[in-house]
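Just so you know, these numbers use all the heavy atoms, side chains as well, and skip hydrogens, waters and symmetry mates. Counting begins at 1 with the first residue of the sequence.
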Amino acid sequence: MGVARELVLVLDFGSQYSQLIARRVREAGVYCELIPGTTPWAAIRDRAPSALILSGGPASVYEEGAPRCDPAALDAGVPVLGICYGMQLLAYQLGGKVAPAGKREYGPASVQVAEPAGLFLDLPSELPVWMSHGDTILEAPAGFRRLAESENSTIAAMADDAGRFGIAFHPEVIHTPQGREILRNFLYQVAGCRGTWKPAAFIEQATEAIRAQVGDGRVLCALSGGVDSAVCATLVHRAIPGQLTCLMVDNGLLRRDERRRVEEVMQRHLGIELKTVDASGEFLAALEGVIDPEEKRKRIGATFIKVFEAEAASLTGVDFLAQGTLYPDVIESTSHDTHNAHRIKTHHNVGGLPADLRFKLVEPLRYLFKDEVRAIGTALGLPEDMVHRQPFPGPGLAVRIIGEVTRERLETLRAADWIVVDEIKSTGLYRSLWQSFAILTPLQSVGVMGDYRTYGNVVAVRAVQSEDGMTADWARLPYEVLAKISTRIVNEVPGVNRVVYDISSKPPSTIEWE
């Protein structure tokens, strides 16, 4: 992509944490990308990486067909850090011995550091870490020395004088408290990185790339109200002012005040040309009588395409479509075996647009993670409440109404959801939560209001904490906050007489109910 002089490549061998490794490296100020673990050295060499990180993975290195690293990559003089499977691969391919462990290590463990330098510079001699492996290194390759051990791993970390390191634990997860420092030590002490990956540098280089791609052409960008599309539009506008038209389709499934806020920020605050289409009637008609969650998504997607294509056809001279696709979208759309052929996964912000649209894609954020997009949005001058907005599902409130979506039920949920967010914000908890929202259940329950028995709706409240949405834990909101939310919803939202709080984590539950 050419967005930074310093580059660290994560050779991905299928670990569920591979994305997280790349994020942690970027958090340390060094640009990083994922590539397949089996990528030939010639392709790696052409990118001139400052260091390589071998990820974990589900395979055993000694099994037939287990993914291997190109041996030339390990002998090229580029600093290497092997993590879990990556460490075992390093040992195995360089002549060491790897075998099933007598006792597997999954979960929290403690390692004793034998060499407090390099990776472990300025760290305690005993470190809590997160293990996840069933194999162990019986014998390190020639020239390697042991850096640390654990109760069940004689070699929990190893290194040689050629800048090749291996660790049996996962430094990228929050369960290894000093993991960030270990990665920083590898990047700065071993690989000699300087930390040039900053939002300001990205903005400058991305605007140059957009100008080079678009020239004097015109760009269309679909706005959803979320941070990704807002930052994408703002970046394109900065690069080619006067050549961008934004289109917002109001599907009637938005949160309260969302349309007005987007129009205010984009048009009046940033001066971006914005066209808004009220298609709420069409979407509600398409959802009439539909209960199945997947059928809701399909109908919403199909209706969006129909409306978007009709509006796009009315615009002349537009050759480019800007999308807020992020790096996780790119990674998830590409299997571990086919990373070289980056297939585009159409971003949910534009509702699943068809591949045969006549536009050429402009995706300035496709190598960024969400936290980086937020930092860039702040640097671009977007308002804080838009930059730090919690994620919102592509199908909108339709998947937070369990059962049929009607105008009346949408208004009930919109009012309840507004109260949830309002109270969370007023107590200063909003930024600490990944998502917080209301769900309108299909249940009705008996209640008493005044001297009358009621039969009203049941609203569920959901609040979770997460780093990336892949896993999430229910938020332990203070009782007084839950009490205030419940009281306000019952008193202020007609037809609701009961509020419940969801205390399920992901997994086994999902964050959304549908």
Checklist line | Under the side-chain contact (heavy atoms from CB on, under 4.5 Å) test, residues paired with Asp417 that sit two or more places apart | finding: Arg255, Arg400, Val421, Phe437, Ala438
Next item on the list: Compare every heavy atom of Leu413 with every heavy atom of Leu440, then report the nearest pair and how far apart it is.
Entry: N-CD1, 3.8 Å
Notebook entry, point to check: Do Asn497 and Ser445 meet the criterion of a side-chain donor-acceptor pair at a distance under 3.5 Å?
Noted result: yes
Note to self: Please verify the inter-ring angle class for Phe369 with Tyr327; under 30° counts as parallel, over 60° as perpendicular, anything in between as tilted.
What the structure shows: perpendicular
Check: Do you know which two heavy atoms are closest between Gly195 and Glu6, and how far apart they sit?
Finding: N-OE1, 3.0 Å
Margin query: Distance alone, cut at 3.5 Å: any donor-acceptor contact between the side chains of Trp197 and Glu372?
Written below: yes
Check: Passes salt bridge (charged side-chain N to carboxylate O under 4.0 Å, His left out), Lys425 versus Asp385? Steps please.
Finding: CA-CA 10 Å; Lys425 285 183 174 178; Asp385 66 332; 5.6 Å; no
Item checked: Thr325 versus Glu363, side-chain donor and acceptor atoms under 3.5 Å -> yes
Margin query: Between Asp371 and Arg26, does the salt bridge (charged side-chain N to carboxylate O under 4.0 Å, His left out) criterion hold? Intermediate values first, please.
Written below: CA-CA 10 Å; Asp371 52 339; Arg26 298 221 198 148; over 6 Å; no
Checklist line | SB check Arg260 Glu263 (cutoff 4.0 Å) | finding: no
Checklist line | Close side-chain approach of Leu410 to Ile401, heavy-atom, < 4.5 Å | finding: yes
Check: Have Glu384 and Thr378 got a donor and an acceptor in their side chains that come within less than 3.5 Å?
Finding: no
Margin query: Between Phe320 and Phe359 (judged by ring centroids, cut-off 6.0 Å), do the two rings come close enough to count as a pair?
Written below: no
Next item on the list: State, with a plain yes or no, whether a side-chain heavy atom of Leu247 is found less than 4.5 Å away from one of Leu223.
Entry: no
Margin query: When you compare the side chain of Leu477 with that of Leu433, does any pair of heavy atoms fall below 4.5 Å?
Written below: yes
Margin query: Does either side chain, that of Trp513 or that of Asp502, offer a donor lying less than 3.5 Å from an acceptor on the other one?
Written below: yes
Margin query: If you apply the rule salt bridge (charged side-chain N to carboxylate O under 4.0 Å, His left out), what do you find for Glu512 with Arg462, and how did you get there?
Written below: CA-CA 8 Å; Glu512 299 290 345; Arg462 182 81 157 133; over 6 Å; no
Next item on the list: Taking the side chain as every heavy atom from C-beta outward, state whether Leu382 and Val265 have any pair of such atoms under 4.5 Å apart.
Entry: yes
Check: Between the side chains of Arg218 and Thr245, is a donor N or O closer than 3.5 angstrom to an acceptor N or O?
Finding: yes
Notebook entry, point to check: Can you find a pair of side-chain heavy atoms, one from Glu258 and one from Phe392, that are under 4.5 Å apart?
Noted result: yes
Check: Can you name the side-chain contact (heavy atoms from CB on, under 4.5 Å) partners of Glu411, sequence neighbours left out?
Finding: Arg414
Notebook entry, point to check: When you check the side-chain N and O atoms of Asp12 and Ser18, is any donor under 3.5 Å from an acceptor?
Noted result: yes
Note to self: Please give me the minimum heavy-atom distance between Leu368 and Ile376, naming the atom from each residue.
What the structure shows: CD1-CD1, 3.4 Å
Checklist line | Asp228/Lys370 salt bridge by N-O under 4.0 Å criterion | finding: yes
Check: Do the non-hydrogen side-chain atoms of Arg259 and Thr276 ever get within less than 4.5 Å of each other?
Finding: yes
Item checked: Working for salt bridge (charged side-chain N to carboxylate O under 4.0 Å, His left out), residues Lys484 and Glu423 -> CA-CA 8 Å; Lys484 187 78 178 291; Glu423 287 301 321; 3.7 Å; yes
